[in-house]
Amino acid sequence: MITNERQRRVAAGRKKRFEQSVARARAEGPGADVHPLLHEAMIDGMVSQLADLDAELSAYNALRAGRIKGRVLHSLGQ
């Protein structure tokens with residue numbers, strides 16, 4: 001969860017690097033010593049991480065914009 005502007009900047013930078021890595025991996029294809037299924041699994045993992053970053057950034061931006069008024073907590077630890 002992103003809780004401040006510094007974390008938002010770091011997450012935005014990571015998102016950009018993941019986007020570039022996914023694009024590069026798709027363009028280059030698997031290396032000679034990498035099975036195509038393993039290559040696709042690697043891309044799927046990066047896309048999943050990218051989706052997580054997107055969700056966190058969206059939630060933080062919505063909170064900052066005042067579109068979220070409260071939170072639902074499921075445990076005392078939250």
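Note that the structure is a prediction, hence the values are computed from the model and not measured.
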(message) Measuring from atom CZ of R14 to atom CG of L53, what distance do you get when rounded to the nearest 0.5 angstrom?
(response) 7.5 Å

(message) Checking the side chain of H39 only, and the main-chain atoms of A25 only, is there a donor and an acceptor separated by less than 3.5 Å?
(response) yes

(request) Measure the CG-CZ distance between N4 and R9 for me, rounded to the nearest 0.5 Å. (result) 8.0 Å

(message) Do L50 and Y60 sit in one hydrophobic cluster, given that two such residues count as connected whenever their side-chain heavy atoms are within less than 4.5 Å of each other, even indirectly?
(response) no

(request) Measure across P36 and P30 and return the closest heavy-atom pair with its distance rounded to 0.1 Å. (result) CA-CG, 4.2 Å

(request) Answer yes if L57 and F18 sit in the same cluster of Ile, Leu, Val, Met, Phe, Trp and Tyr residues linked by side chain heavy atoms under 4.5 Å apart, and no otherwise. (result) no

(request) Of all the heavy-atom pairs spanning M1 and E56, show the shortest one and how long it is. (result) N-OE1, 3.8 Å

(message) How long is the straight-line distance from CZ of R26 back to CE of M46, given to the nearest 0.5 Å?
(response) 8.0 Å

(message) side chain to side chain contact (heavy atoms under 4.5 Å, CB included), that's the test. Do V34 and M42 meet it? Break it down for me.
(response) CA-CA 11 Å; V34 177; M42 177 189 72; over 6 Å; no

(message) Looking at S48 and D44, would you say the former's side chain and the latter's main chain have a donor-acceptor pair under 3.5 Å?
(response) no

(message) Could you check whether any side-chain N or O of Q7 sits under 3.5 Å from a backbone N or O of T3, counting only pairs where one atom can act as donor and the other as acceptor?
(response) yes

(message) Under a 4.0 Å threshold between the charged nitrogen and the carboxylate oxygen, would E19 count as salt-bridged to K16?
(response) no

(request) To the nearest 0.5 angstrom, please state how far the CZ atom of R64 sits from the CZ atom of R8. (result) 9.0 Å

